[in-house]
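Comments concern the structure below.
Letters go in sequence order (proteins before strands), and every chain restarts at 1.
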Amino acid sequence: MTLHLYDTASREVSEFKSLKPLQVSIYVCGATVQGPPHIGHVRSGVNFDILRRWLIKSGYGVTFIRNVTDIDDKILHSAKHDEMPWWAVAMKYERVFTAAYAELNILPPTYEPRATGHITQMIELMKKLIDNGAAYAPGNGDVYLEVRKLKSYLTLSRQNIDDLQASADADETNKKDVRDFALWKAAKPGDPSWPTPWGPGRPGWHLECSAMAHAYLGEKFDIHGGGLDLVFPHHENEIAQSEAAGYGFAQRWLHNAWVTQSGEKMSKSLGNSLQVNEILKSVRGIELRWYLGGAHYRSMLEYSPAALEESATNFRRIESFLKRATELIGEKPSLQLSEEFKNAMNDDLAVPTALASISENLRLGNQAVTDNDKKAIAKNANEIRGALDVLGCDPFDLAFVQSGGSDLTPALDGVIKLALTERASARERKDFAASDAIRDGLADLGITIEDTAQGPRWSIN
RNA sequence: GGUCGGGUGGCCGAGAGGCGAGGCAAGGGACUGCAAAUCCCUCUACACGGGUUCAAAUCCCGUCCCGACCUCCA
């Protein structure tokens, strides 16, 4: 099976064909850096990172753009509130986002453009749109796109323009039609602004992405992604601007669903958002990634602490098998993929089905450990590690290996082995009170002892 | 009002006409001095009412419920 992906525009899963052979260009709408990320933000990051890794594994070269929206109303609002320059607010949260992405082993984008770094491209795009007659500048410094003049509009969300509720904005008086949207917003006193032929102002949200996608990927590119809530208006307006400028734009649209709580979308404004930093106090980044990436990208993921904990436990079982297999085989598993896993991933990134194949590998692998069948241990360990690698959850990945400081593991191993030798001799003379005291003592220190056919092993909880 | 998703076992979560995904929890068993880990077995569900079909969780019609978007959103 070749790679098939869903397309929001057609609402169908279809075979993926890149514009250029073995090259894929992807633009994903990144964060507006007006606060720290919640787990919904990074779910989007994980979902598109899995897509990217799968494309790379499938032999494609991938150019991956994820922008940073570093100027918007909320950033300006925060800046006033915190008495900081707007750019300092944006940079502060951009760094928090970057750190969160790194904790979850989300690959850095090929290019990560900031909106404010691309004003020139935005002005060029507006000029083009005004020359085309698609956009107009009413004279107050705003620039609007005239949606009624478009050949098509709202094709992604399949809405009728007359059914849209008009925006409640107070300063709509300069629009020819209430549904026209701002490409550029005139400067308000005290706000940052950039000079344009139509007056000083700042970019509208939609214009940024069209201009940056064009700057880095050209007139046509393969995949445009983002959260489901961006379909309208953001992506509709990106399409409108780009098509009005004569660009082919995105060939396929992918949207990830939300993380919900009590059935409701997680969002800062609803006050039910869970910050990544908070969650990472209870689970490791690799475990949070396993949890967020485990649901299908188009399905809502209902968050609960119990579900997260369950998922983390499940991951630790897999990880424990891989470590065990490494000890028994004498080398790290290689990266192999089972047919089941490949087929699942090719079917619109069916991660839950792919996970079922990992569970099967795990069961067979553990059985092989019991039977001491090294060939079967290796096969299953290799296929599990290969799958985890695609999912960005390879425990051997350097991204997850603690860096800095000296590694105390060999020293600790020696000390624990001394204790285990004592325990073994106690067990030999059937002094179970003594042997259990050693095991309990180690358990109190967070060290778990398992008696295996190959002798005792220890691990830190 | 318009446009979209969704309702699956105790819980989470796939599937989208026919071989009962998978995980977690629970119960039983094997192994163990006892545990832990692991393996085996059990528990077998698709909101409701009609319809189509040899066959429906899946398609159609209707109903109920939940959620999202309608110019701030991942």
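- Counting any heavy atom pair closer than 4.0 Å across all strands shown, A:S435 reaches a base atom.
- The side chain of A:R427 contributes no N or O atom lying less than 4.0 Å from OP1 or OP2 of B:U32.
- The base of B:A35 is paired with the side chain of A:D451 by a donor and an acceptor separated by under 3.5 Å.
- Within the nucleic acid shown, A:G226 comes within 4.0 Å of sugar-phosphate atoms alone, with no base atom in reach, counting heavy atoms only.
- A donor and an acceptor atom never sit less than 3.5 Å apart when one is taken from the side chain of A:R158 and the other from the base of B:C69.
- Across all strands shown, A:D162 has no heavy atoms under 4.0 Å from either base or sugar-phosphate atoms.
- The residue A:E309 sits apart from the nucleic acid: no heavy atom pair falls under 4.0 Å.
- Note on A:N256: a base of the nucleic acid sits closer than 4.0 angstrom, heavy atoms only.
- A:R298 comes within 4.0 angstrom of nothing in the nucleic acid, heavy atoms only.
- The residue A:N47 sits apart from the nucleic acid: no heavy atom pair falls under 4.0 Å.
- Using a 4.0 Å heavy-atom criterion, one finds that A:V28 contacts no nucleic acid atom at all.
- Look at CD1 on A:I377: it is 13 Å from P on B:C39, rounded to the nearest Å.
- Nucleic acid contact for A:R324: none, since no nucleic acid atom lies under 4.0 Å from a heavy atom of the residue.
- An OP1 or OP2 oxygen of B:C69 is reached within less than 4.0 angstrom by a side-chain nitrogen or oxygen of A:K265.
- Within 6.0 Å of the CH2 atom in A:W87, the count of heavy atoms belonging to other residues, nucleotides or ligands does not exceed 12.
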